[in-house]
Visitor: 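Here's a structure for you.
Index from 1, following the sequence. All ligand and atom numbering here is 1-based and tracks the order in the structure.
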Amino acid sequence: MRKVFRVSLKVLGIIILLVLVTGLGGFWYINSTFLSFENNYAENNDIKELTLDGYTFLDRNGNGDLDIYEDNRKSTDERVKNLLLQMTLEEKIHLLKGSGFASGMGIGNSTVPGAAGTIVPTPRLGIPTIYLSDGPAGLRIEPKREDEDRTYYCTAFPIGTLLSSTWNTDLVNIVGTAMGNEALEYGIDVILGPGANIHRHPFCGRNFEYYSEDPVLTGFIGAAMVNGIESQGIGTSLKHFVANNQEIDRNFNDVIVSDRAMREIYLKGFEIIVNKSQPWTIMSSYNKVNGKYTSESKDLLTDILRDEWSFEGLVMTDWFGGSNAPAQIAAGNDLLEPGTKKQWKALKEAAKNGTLSEEEINTSVRRILKLIIQSKKMQNYKHGNNPNLEAHAKIARQSATEGMILLKNENALPIRNTRNIALLGVTSYDFIAGGTGSGDVNEAYTVSLEEGLKNAGFKINQAAKNLFETHKTKYKAEFTKPGGISAMINPYIPPRITYTESELNEIVASSDLGIITIGRNSGEGGDRVEKDDFLLSETEQNMMANVCKVFHNAGKKVVVVMNIGGVIETVSWKSKPDAILLAWQGGQEGGNSVADILSGKVNPSGKLPMTFPVNLNDHASNTNFPLEGGTIDIKRMIFDSLEEKPENEKVKNKDYTNYEEGIYVGYRHFDKAELDVSYPFGFGLSYTTFDLSNLNVTLQNDTINVTVTVTNSGSLAGKEVLQVYTSKPDTNIDRPLKELRTFTKTKNLKPEEASTVSFQIPVSELSYWSEETSQWSLEKGLYSIQVGTSSRDIRLSMEVEIN
Ligand code: BGC
């Protein structure tokens, strides 16, 4: 009773919030459209065992016989076929939509509070509920449950952008395996991630969930993540398919984009992931592409995804995505999440009047049943609710350390002979583990930089710490982290701290080294802006200038740690400090990971998955992006989603966004336009140096074989990332100057140790998308194969002739 009451309060809270933004008249509409869950079936918890030929089965439909679908010795296809035959049309339609937004909140028969959605049970046939839960940086469920002493915390792994910065697919696979295991042990069947959208513009509020500005890096890292998670018998939902590159008006935004840019940039990462890992599910995006909601696009969901790429799983909507339920099913969007009463009615009506055929319904139901049959739930796996959080924390720490990028180092790192460190900036004490919204994780703790350095044996300067404490007490309210929906709309950014000259003098006199942390946060539902976000705020600029001046005058060094989720401006200040570490948002162990690098326990080996530009408007996409920021328009989302605005009322970059830059995203543009950058794609320093030699390129049966030797030429052990780009010097078409085709990271090489690595590039990967013929096309002739340690540090190259 108390539980129902508490959960109802939660729902009430959401209703009040929605009513506040939509006006009182919206109450009934919201309740019946979004929150209602009255047409749900309760799970059948009374399934008996059946023993036959010495085997024990579950008699799911209770008929005393072993039906084919109950027999786990049969193939998945046979079981699905048999199950489908036993279902009524109503049961099938029921399966096409989840059990409603409120069901994830612990209401009714939900056994995993905090899950974002479900695939509904079919009790008559003993088919269990399947639980779906976010997200890309770790599992997102409610950490506390009523009347229970224990907690259900999950591990906050590093954000997606940090994971791609490792350029280490084996390591990402290990992270995925741990995430999948946590889902398994907490009773979740599908993780709603990873995210594979391209960083088209640095301001997309969800870039932290995504991997890169490059589709090959996105694809390789994403596939490693999917394979890791799914090795545990847990599904993934690769999202958001496709071209969901801004949060502002994401539910209406129509992406106007060329087929070539779609194929070469926005679809490419998804294509690689489908190829290499065949995820159980894909999540369609909120936006439209060239006039059609992606969730209603047969072209995307059936012709490309299934017919061309041979995707075998199911497609689900993003939460409340799209507007026409029958059209979604007909297009190949099999599952509507989280499911609304309105969709249920529309589907029943469409089935009745024939606008949705039973075959179309069967096609989607088959895909959903396949997932259910594959799930651990159907294997009757009993989850213990006790994942090994300690082991997973170690993986979080190790992966975060490996994805942090050393951008600058003038004899400041690793820290030697320094005992007392002054930590400047509020984020040093209040480290950011990850971004906000559905990509956030409910972790038990976040190790701050202060704690990490202390754990590594450093002393933290008390004068600087006292100033932080005084500041925090003064702004107590602003230092309270928002929760729930409020956190989604207002990412937590506490007020920054100002230091006077005399305060800095006192700090420098009592410390050996200064570390400034620059913190940024963003998340789902909003995009970033230039002022005080991409650019340092005035307070931060002053802090940077003054701290560097005072420390340098005293002959002491300053290190900057960037605890951020997306690109910021660096040119105006990067000359001031002695070292810069891009720490990203490293999950719950972030502070320990930074300390591992600063102390030299681990040699940094991260590389940038995107370009850091000189100016924002160097990005070709900058003329077509909502630069003014803001959040999603909930009111419009609820009331107007069905209504198409008249052409003359449509607002650029909100109702539609022209991807005028075409394929020129990230380094493809910066290279072609010959622009200076602050830090190029693929860049990252180490405490050691590497030499590349013996490049060999041969062509054999439509595959380009590349081998190269890398030698650690410095004095510390370390890892290097070898990046293989190709270019077509005498091209007849408009092409990027170079494009990443493959990469690898070495093992930890000792000083003087060498390793020879090899790559295989299928010749077809050199193709471009021809708008004339609507297909991939391969230019003949000479190609240059370039091996480097960043996109602007190509060390060796060789030509190969393709005929
Ligand atoms: C997000 C998805 C997420 C879903 C469920 C949506 O708002 O866009 O990424 O998986 O919510 O939480």
Side-chain angles (χ1 to χ4, degrees), residues 14 17-18 34 97-105 110 112-119 130-142 154 159-160 179 183 188-197 204-211 222 225-226 229 234-253 270 279-287 293-295 314-322 333 335-340 434-442 484-489 491 522-527 631-634 637-638 641:
I14 291 179
L17 190 105
L18 293 177
F34 292 93
K97 47 157 265 330
S99 53
F101 193 43
S103 61
M105 294 172 169
S110 168
V112 194
T118 60
I119 297 177
I130 294 293
Y131 288 93
L132 320 171
S133 197
D134 287 299
L139 198 63
R140 177 176 169 75
I141 57 172
E142 282 292 322
C154 295
I159 57 170
M179 258 186 216
I188 293 292
D189 306 285
V190 178
I191 291 186
L192 303 172
N197 295 100
C204 172
R206 293 185 87 170
N207 274 353
F208 76 95
E209 295 185 56
Y210 307 142
Y211 294 129
M225 177 57 82
V226 170
I229 294 173
I234 296 300
T236 54
S237 195
L238 177 64
K239 65 193 188 182
H240 307 88
F241 190 74
V242 56
N244 183 180
N245 306 107
Q246 67 183 62
E247 285 297 283
I248 307 282
D249 272 321
R250 63 181 185 182
N251 295 73
F252 319 98
N253 185 254
F270 285 95
W280 287 17
T281 88
I282 287 181
M283 188 188 294
S284 54
S285 55
Y286 282 127
N287 54 290
Y293 277 114
T294 59
S295 60
L314 70 83
V315 175
M316 68 176 79
T317 57
D318 198 346
W319 268 230
F320 304 110
N333 193 114
L335 177 64
L336 311 177
E337 286 297 336
T340 66
T436 58
S438 62
D440 195 4
V441 179
N442 295 315
I485 286 203
S486 168
M488 178 165 162
I489 297 173
S522 73
E524 181 177 357
D527 291 317
T631 55
I632 45 173
D633 184 344
I634 296 183
M637 205 177 110
I638 289 176
S641 60

Visitor: Does ligand 1 have an atom that lies less than 4.0 angstrom from a heavy atom of R206?
Guide: yes

Visitor: Start with the C-alpha distance between D134 and W319, add both sets of side-chain angles, then the distance that settles side-chain contact (heavy atoms from CB on, under 4.5 Å), and finish with yes or no.
Guide: CA-CA 11 Å; D134 287 299; W319 268 230; over 6 Å; no

Visitor: Verify the distance criterion only: is there a donor paired with an acceptor across the side chains of S295 and T317 at less than 3.5 Å?
Guide: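 The answer is no; no qualifying pair exists.
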
Visitor: Using a 4.0 Å cutoff against the non-hydrogen atoms of A116, which atoms of ligand 1 qualify?
Guide: 5 (C), 12 (O)

Visitor: In sequence, state the C-alpha distance, the side-chain angles, and the governing distance for E337 and L192, and then conclude on side-chain contact (heavy atoms from CB on, under 4.5 Å).
Guide: CA-CA 11 Å; E337 286 297 336; L192 303 172; over 6 Å; no

Visitor: Can a non-hydrogen atom of E209 be found less than 4.0 Å from any atom of ligand 1?
Guide: no

Visitor: Mark up the atoms of ligand 1 that fall under 4.0 Å of a heavy atom belonging to Y286, in ascending order.
Guide: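 Within the 4.0 Å cut-off of Y286, ligand 1 contributes 6 (C), 7 (O), 8 (O).
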
Visitor: If the contact criterion is a heavy-atom separation under 4.0 Å, does M283 count as touching ligand 1?
Guide: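 In this structure, M283 qualifies as a contact of ligand 1 - some heavy atom is under 4.0 Å.
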
Visitor: With a 4.0 Å cut-off, would you call D527 and R250 a salt bridge?
Guide: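 Here D527 does not pair with R250 in a salt bridge, since their nearest N and O are not under 4.0 Å apart.
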
Visitor: What atoms of ligand 1 come closer than 4.0 angstrom to any heavy atom of R250?
Guide: 7 (O), 8 (O)

Visitor: Quick one: which of I632, N251, D318 has a heavy atom closest to atom 4 (C) of ligand 1?
Guide: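 Nearest heavy atom to atom 4 (C) of ligand 1 lies in D318.
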
Visitor: Evaluate side-chain contact (heavy atoms from CB on, under 4.5 Å) for I248 paired with N253, printing each intermediate quantity in order.
Guide: CA-CA 8 Å; I248 307 282; N253 185 254; over 6 Å; no

Visitor: Heavy atoms, side chains only, cut-off 4.5 Å: are N244 and K239 in contact?
Guide: no

Visitor: As an exercise, identify every atom of ligand 1 less than 4.0 angstrom from a heavy atom of K239.
Guide: 2 (C), 3 (C), 9 (O), 10 (O)

Visitor: Quick one: pull up CZ in R206 and OG in S522 and give me the separation to the nearest 0.5 Å.
Guide: 10.5 Å

Visitor: Taking only heavy atoms of D134 into account, list the atoms of ligand 1 that are under 4.0 Å away from them.
Guide: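 Near D134, the atoms of ligand 1 are 3 (C), 5 (C), 10 (O), 12 (O).
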
Visitor: Judged by non-hydrogen atoms, does F320 sit under 4.0 Å from ligand 1?
Guide: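 Contact check F320 vs ligand 1: negative.
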
Visitor: Which is it for H240 and ligand 1 at heavy atoms under 4.0 Å: side chain, backbone, both or neither?
Guide: side chain

Visitor: Closest approach of V242 and S285, non-hydrogen atoms and distance?
Guide: N-OG, 3.0 Å

Visitor: Would you mind listing which atoms of ligand 1 come within a distance below 4.0 Å of any non-hydrogen atom of S438?
Guide: 1 (C), 2 (C), 3 (C), 9 (O), 12 (O)

